[in-house]
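One structure is given below, encoded as structure tokens.
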Amino acid sequence: MRKTVSTFAAAKAKGEKLTMLTAYDYSFARLVDSAGVDSILVGDSLGNVILGYEDTISVTMEDIIHHTKAVARGAKSALVVADMPFMSYQVSVPQAVENAGRLLKEGRAQAVKLEGGVVVADQIRAIVNASIPVVGHIGLTPQSVNAMGGFKVQGKDEEQVRRLFEDGKAVEAAGAFAVVVECVPANVMKKLTELLTIPTIGIGAGPHCDGQVLVYHDMLGLFEGFAPRFVRRYAEAGDLIRLAFGRFVAEVKKGEFPGPEHCFDGPDVSIPKMY
Ligand code: KIV
């Protein structure tokens, strides 16, 4: 059974925690899905962890659609949420609706996520009115890295907390069914989760959220650039994979791979005279 927006509402009502993980391709979507997560996010973090950019600014609609198509083929039960890339919704409300529509129509996502609170409330309302479920994203919004002056914890003073709460309320009032909240102090997050009727999905926001989301490269030790403090390493898969690649290199060089068990049998042949 596919998880839906109703799964999210029911979880908040029952006080059950929600889970969301990123995926960007078919194989990982299958792994994440079969682990039982409620939702898979095709995040624009693909700019960092898949495409090697230093931020998410350069990610395009074509990038997200391409990866969402693969994830959607692998996800049988999790709700697939596709991220709206930078400048795919900020320009105008019609632009936002059209691009959100593409993520469902071409990418086969079941919902979209976009960054911002009060300033994108009109876009969220219009997308929801087009029957496209929306996840908000407030707090640290990586697409605004240049305006924010870096990747900084948000909600550190009263003014920032006031704005965070206004953003949460605006996203909720506009019709989003959940909101990702990134990098805010745990005590502030507790109040925000109490304030909102929609589920809060935290990342770097402490335990008082209705759910948690992580980028799987971070939790598996696959991304060696930077390890955010809020991530728990569930495996050192990067080391494991490098070891396996190294064994392949060594065994090929020594003539140990392939072995007889990896070879096909055929008839005795001689090399025909070719010239
Ligand atoms: O792009 C992404 O992976 C995200 C998560 C950090 C929530 O937006």
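Predicted, not measured: the structure shown is a model, and the values here were computed from it. For ligands, and for the atoms within them, numbers begin at 1 and follow the listed sequence.
Nearest heavy atoms, Ala126 versus Val93: CB-CG1, 3.3 Å.
Not a single donor-acceptor pair under 3.5 Å links the side chain of Asp44 to the backbone N or O of Pro85. Without hydrogens or angle criteria, Lys113 side chain to Ala82 main chain gives no donor-acceptor distance under 3.5 Å.
Among Val59, Val134, Asn99, the one residue that satisfies the side chain to side chain contact (heavy atoms under 4.5 Å, CB included) test with Met84 is Asn99. When the options Ile203, Leu140, Thr141 are evaluated for a side chain to side chain contact (heavy atoms under 4.5 Å, CB included) with Cys183, the one that passes is Leu140.
There is no path of hydrophobic side-chain contacts, each under 4.5 Å, that joins Val120 to Val91.
With a heavy-atom cut-off of 4.0 Å, Thr56 does not touch ligand 1 at all. Contacts with ligand 1 closer than 4.0 Å are made by no heavy atom of Leu46, backbone or side chain. Of the heavy atoms in Asp44, both backbone and side-chain atoms come closer than 4.0 Å to ligand 1.
Against a heavy-atom cut-off of under 4.0 Å, Asp83 is close to the following atoms of ligand 1: 1 (O), 2 (C), 8 (O). Close approach of ligand 1 to His137 (heavy-atom distance below 4.0 Å) involves ligand atoms 8 (O). Atoms of ligand 1 lying under 4.0 Å from any heavy atom of Gly43, numbered from 1 in the order shown and given with element: 1 (O), 2 (C), 3 (O). Counting the atoms of ligand 1 from 1 in the order shown, those under 4.0 Å from a heavy atom of Val215 are 3 (O). In the vicinity of Thr22, heavy-atom distances shorter than 4.0 Å reach the ligand 1 atoms 3 (O).
Ranking protein heavy atoms by distance to atom 3 (O) of ligand 1, first place goes to Ser45 OG, 2.5 Å. Among protein heavy atoms, the minimum distance from atom 6 (C) of ligand 1 is reached at Ile203 CD1, 3.7 Å. Nearest non-hydrogen protein atom to atom 7 (C) of ligand 1 is Leu41 CD2, 3.7 Å.
Within the structure, the closest approach of Lys113 to ligand 1 falls below 4.0 Å when heavy atoms are considered.
A heavy-atom distance below 4.5 Å is not found between the side chains of Arg247 and Phe257.
Aromatic ring centres of His66 and Tyr24: separated by at least 6.0 Å.
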